Every structure is written in C-alpha cells, then in structure tokens.
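Report on the following structure.
FYI, side chains are in, hydrogens and waters are out, and symmetry mates aren't considered; it's all heavy atoms of this structure. Small disclaimer: the values here were computed from a predicted structure and weren't measured.
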Amino acid sequence: MLSPFERIVAFRYLRARREEGFISIIAMFSLVGIALGVATLIVVLAVMNGVRGELINSIIGLEGHVTVYSNERGIADYEKISEDLAKIPGVKTVIPKVEGQIMASHAGISAGAMVSGFRLPDIEKKTLLIQKINADELAAFGRGEGVIIGKRMAEKMRLNVGDEMLLISPEGRSTIAGLVPRVKAYPVVGTFEIGMFAYDSSLILMPFSEAQTYFKLKENGGDNASAIEITSDNPDKAQEIAQQAAQMLGAGYRVYDWKSSNNHIFQAVLVQRNVMFLILMLIILVASFNIISSLIMLVREKGQDIAIMRTMGASQGSVMRIFFMCGASVGVVGTFIGFLLGLLIAYNTENIQTWLEAMMGHKLFSAELYFLSHLPSKVDFKEVAMVLAFSLALSFLATIYPARRAAKLNPAEALRYE
C-alpha cells in the first residue's frame with residue numbers, strides 16, 4: 001500500500017514543471033499510444049467476432065448444419081431418408097432440396113448462379129430467409145408462379161418483380177448437332193437480402209417440383225432430390241450428427257457439416273484476426289517502452305530529490321513505489337481511456353461507417369471483398385478483459401526497471417557536486 005507521502009510525491013512528479021516539459025511530452029505520447037492500442041484492439045476483435053458471427057448465421061440459416069448428398073444422380077427415396085434422419089437425437093428439421101449451378105441472363109447481362117429448389121412448407125422453416133421475403137411474394141412462390149432471387153443479383157441484372165430471366169444449364173440434351181444447353185425463362189416473383197454478398201448476388205430460389213423438372217430429376221418417372229439439409233438444435237453438434245447420419249446411410253452417401261464445408265472462409269477470418277491482434281499488441285508494447293524512457297529521464301532529473309528523501313529517512317521501497325506509481329498511472333489512465341474509446345466505437349461501427357462513407361463519397365466496406373454488405377460488431381468482454389490485463393501488465397512491467405534504478409540511487413553520489 002502507498003503511504004500519503006508517497007502518493008503526494010508521485011502525483012507531484014506527474015505534474016512536470018517547465019524544465020521537465022520534454023519528459024511530460026514523452027509520458028503523454030505513452031498514454032496516447034496505450035489508449036489508441038487498447039481501443040483499436042478492442043474494435044478489431046469486436047469486428048472480427050461480428051464478421052464470424054454474421055457468416056455463421058447466414059451460412060447455417062440458409063444451408064443448414066449438415067448436408068447429405070448421394071453418390072448417384074439424386075436421392076430417390078428422400079422422403080423415407082428424411083424420416084429416418086429426423087429420428088437422430090438433436091435433429092430439429094430435415095429438408096430435401098434440389099440444387100444446381102446455372103447461368104442467369106437478362107437484358108444482355110449474364111452471371112453464374114446457384115439454384116436451390118424448396119417446397120413452401122420447408123422454406124418456411126428457414127427463419128433467416130422467411131423474414132427477408134414479402135408474404136405476397138412467398139405466396140406467389142408457393143403457387144409455382146416463378147423464382148425469388150437475391151437483391152444484389154436483381155440490381156446487377158436490372159431485374160424487377162414481374163420480369164423474366166433466362167436460366168441456362170450446361171446439362172442439356174444431346175442432338176445430332178451436339179449438346180444443346182437447356183434454356184428456360186422464369187418470372188421473378190420476389191427478392192431477398194440476407195446481408196451476405198455470396199447469397200444476395202448469386203442465389204435463386206425455385207419451387208421444388210419445377211427445380212426437379214429443370215434439372216431432370218423427374219426423368220423416367222423418377223422423383224429425386226439433390227440433397228437433404230439437416231438442422232440441429234445446436235450448431236456445435238453438427239459434426240456429431242454428421243457422423244451418425246453417415247453411419248445410418250452407409251457408403252452410398254456423402255455427409256458434410258457446415259464447418260467442413262466452409263472451413264476456408266473461417267480459416268481466412270481466423271488468420272486475419274490473429275495477425276491484427278499481434279500487430280496491434282505491438283502498439284501497446286512500443287508505448288510501454290516510452291514509459292521506460294520517460295521514467296529513466298525522470299529519475300535522472302530527480303536524482304537530487306531522491307537523495308534528499310533518502311537522507312531524510314525514506315526507504316528504498318518507498319522511493320521505488322513513488323516511481324512505480326508515476327509509470328503505472330500513465331498505463332492505467334491510458335488503458336482506461338482506450339477501454340472507453342474502444343467500446344464507444346465498437347458499439348457504433350455501422351453509424352461510423354455510414355458517416356465516413358457519406359463524407360468521403362464512396363464505400364469503405366466492399367461486400368465483394370468481405371462477404372458481408374455491412375460492418376458487424378460483437379463485443380466479447382472476456383477478450384476485452386484479456387486486452388486490458390495485457391496492457392496493464394506491460395505498463396507495470398515497464399515501470400519496474402526505472403523504479404528499481406531510482407531506489408538504488410546512492411545519495412552521496414547524487415549530492416557530491418551540490
């Protein structure tokens with residue numbers, strides 16, 4: 001514990017006089033450096049957590065937690081298989097679907113796209129998707145009147161509700177002239193916007209029966225699905241459920257959980273997060289070195305004062321605590337300011353993004369590069385506590401050497417030429 005004498009002297013040294021102005025400037029730079037490092041680290045970690053959370057919600061909200069494919073062309077007995085899969089503990093919903101890659105075209109603009117065919121009762125089980133589609137548009141989809149596409153695709157291809165778009169599949173029919181692609185026009189009955197660029201710009205929802213016909217899964221009296229989606233009551237159980245489904249179905253099927261299917265995306269986010277964490281930690285480290293340099297100069301400047309305090313009865317421990325408090329105060333105040341600033345920015349990232357984009361006149365957060373169309377943020381207070389602890393630890397460690405040097409100063413040497 002610090003005595004009143006030690007606190008008074010420490011705070012007196014923190015208020016530098018004119019001749020000590022340079023020391024005060026270095027201490028201020030140290031405080032600002034620590035504050036900026038802590039704030040930036042909190043914001044970066046919050047944004048990375050937000051991006052990861054949004055990606056997970058979008059992916060599992062549209063694709064389910066586990067997906068089953070057949071090694072043959074389509075799954076013929078998908079109704080029976082769906083009933084069996086629904087009996088696995090932890091399974092919430094089982095949805096058969098038809099999917100395939102095509103080329104979409106309208107007004108001379110073409111783009112690759114993914115078609116997903118669902119039955120209306122099944123698509124209503126997808127909470128994330130159902131919230132983004134107008135009720136009238138969903139009703140038209142249920143009646144088989146057309147397809148629903150992503151909003152970004154509609155904007156890119158200049159499509160409005162009611163317009164027709166051409167879907168071109170490379171899996172055409174063979175003729176004497178060669179392979180002829182399968183081409184069919186479909187009316188657009190609605191649009192959706194999930195917030196994830198990959199889906200908003202390339203996903204087409206088609207009625208299940210129509211998708212079966214288009215992808216030739218009804219040929220020769222067949223009734224096949226391309227895949228079966230499984231949603232569990234906990235995304236973390238996906239791998240366990242995938243293993244049970246694979247054992248149940250046998251060798252004729254392939255089963256993937258959402259983590260393995262999208263591993264490249266999450267690995268990229270994790271690598272960026274770790275690299276940014278290390279880089280920003282260096283800011284705090286550099287600021288802590290500034291604390292060392294400012295305290296060493298303060299010790300040299302206050303050599304006579306230290307000698308007089310020692311001759312008046314102050315112990316080495318008392319002198320050490322005085323200078324420890326001088327350096328630690330810079331670290332504590334800087335960390336606290338950085339903590340408040342970081343939380344302020346982290347909880348207002350979208351407002352700040354909108355303001356900067358309006359001021360600069362162009363988008364700062366490109367959905368084409370970052371998968372998402374907005375900048376999400378999610379503060380994890382365990383990570384915030386870790387950042388604060390690291391910052392305070394570096395600040396305290398930085399004060400130990402100068403404080404020990406001050407405590408070991410020989411009074412006779414300091415006053416020899418006075």
Query raised in the report: Is there a donor-acceptor contact under 3.5 Å from the side chain of Thr399 to the main chain of Phe396?
Result: yes

Report summary line: Scanning both residues in full, the closest heavy-atom pair of Ser110 with Ser105 reads OG-OG, 3.4 Å

Query raised in the report: What closest approach, in Å, do Gly74 and Leu217 show between heavy atoms, and which atom pair accounts for it?
Result: CA-CD2, 4.5 Å

Query raised in the report: Hey, does the side chain of Ser377 reach the backbone of Ala346 with a donor-acceptor pair shorter than 3.5 angstrom?
Result: yes

Query raised in the report: Between Arg119 (side chain) and Pro207 (backbone), is there a donor-acceptor pair under 3.5 Å?
Result: no

Report task. Give every residue pair that meets the side chain to side chain donor-acceptor pair (under 3.5 Å) criterion with at least one member in residues 277-286, sequence neighbours excluded. Result -> none

Query - CZ on Arg152 to OG on Ser202, rounded to 0.5 Å - result: 11.5 Å

Query - N/O donor-acceptor pair under 3.5 Å between Ser329 side chain and Met325 backbone - result: yes

Query - Taking every non-hydrogen atom, the tightest pair across His106 and Met157 - result: ND1-O, 2.9 Å

Query raised in the report: With distance as the sole test, does Tyr214 use its side chain to make a donor-acceptor pair with the main-chain N or O of Leu167 at under 3.5 Å?
Result: yes

Query - Flag side-chain contact, heavy atom, 4.5 Å: Leu138 against Glu124 - result: yes

Query raised in the report: Where does the angle between the aromatic ring planes of Tyr347 and Phe381 fall among parallel (under 30°), tilted (30 to 60°) and perpendicular (over 60°)?
Result: tilted

Report summary line: NZ of Lys184 to CD1 of Ile168, rounded to nearest 0.5 Å, is 14.5 Å

Query raised in the report: If every non-hydrogen atom of Ala111 is compared with every non-hydrogen atom of Lys156, which pair is closest and at what distance?
Result: CB-NZ, 4.0 Å

Report task. Could you tell me which non-hydrogen atom of Gly146 sits nearest to which non-hydrogen atom of Phe141, and how far apart they are? Result -> O-CD1, 3.8 Å

**Report entry** side-chain contact (heavy atoms from CB on, under 4.5 Å) between Glu383 and Phe277, intermediate numbers included
**Finding:** CA-CA 11 Å; Glu383 293 182 342; Phe277 182 84; over 6 Å; no

Query - Nearest-0.5 Å distance that lies between atom OG in Ser116 and atom CD1 in Ile148 - result: 12.0 Å

Query - Separation between CG of Leu392 and CG of Leu397, rounded to the nearest 0.5 Å - result: 11.0 Å

**Report entry** No-hydrogen, no-angle side-chain donor-acceptor test under 3.5 Å, Asn224 and Glu72
**Finding:** no

**Report entry** Short side-chain donor-acceptor distance under 3.5 Å, Glu63 and Tyr256
**Finding:** no

Query raised in the report: Do Ile34 and Leu394 pass the side-chain contact (heavy atoms from CB on, under 4.5 Å) test, and can you show the C-alpha distance, the side-chain angles, and the key distance before you say yes or no?
Result: CA-CA 10 Å; Ile34 290 174; Leu394 280 181; over 6 Å; no

Query raised in the report: If we only count heavy atoms from C-beta on, is the Phe215 to Val115 side-chain gap below 4.5 Å?
Result: yes

Query raised in the report: Is a donor on one side and an acceptor on the other found under 3.5 Å between the side chain of Asp200 and the backbone of Gly150?
Result: no

Query raised in the report: Could you state the interatomic distance from CG (Asp257) to CD1 (Ile230), rounded to the nearest 0.5 Å?
Result: 10.5 Å

Show me the side-chain donor-acceptor pairs of residues 86-99 shorter than 3.5 Å, one per line, residues at least two apart or across chains.
| unit_1 | atom_1 | unit_2 | atom_2 | d |
| --- | --- | --- | --- | --- |
| Thr93 | OG1 | Thr231 | OG1 | 3.3 |
| Lys97 | NZ | Glu99 | OE1 | 3.0 |
| Lys97 | NZ | Glu229 | OE2 | 2.8 |
| Glu99 | OE2 | Tyr69 | OH | 2.9 |

**Report entry** Check: Trp258 side chain, Ala238 main-chain N or O, donor-acceptor pair, under 3.5 Å
**Finding:** no

Query raised in the report: Would the Tyr78 and Phe208 ring centres measure less than 6.0 Å apart?
Result: yes

Requested in this report: Please report the shortest heavy-atom distance between Ala154 and Thr191, naming the atom on each side.
Outcome: CB-CG2, 4.1 Å

Query raised in the report: Can you tell me how far the CD atom of Glu83 sits from the CG atom of Asp77, to the nearest 0.5 Å?
Result: 10.5 Å

Query - Ile204 vs Tyr186 side-chain heavy atoms within contact, under 4.5 Å - result: no

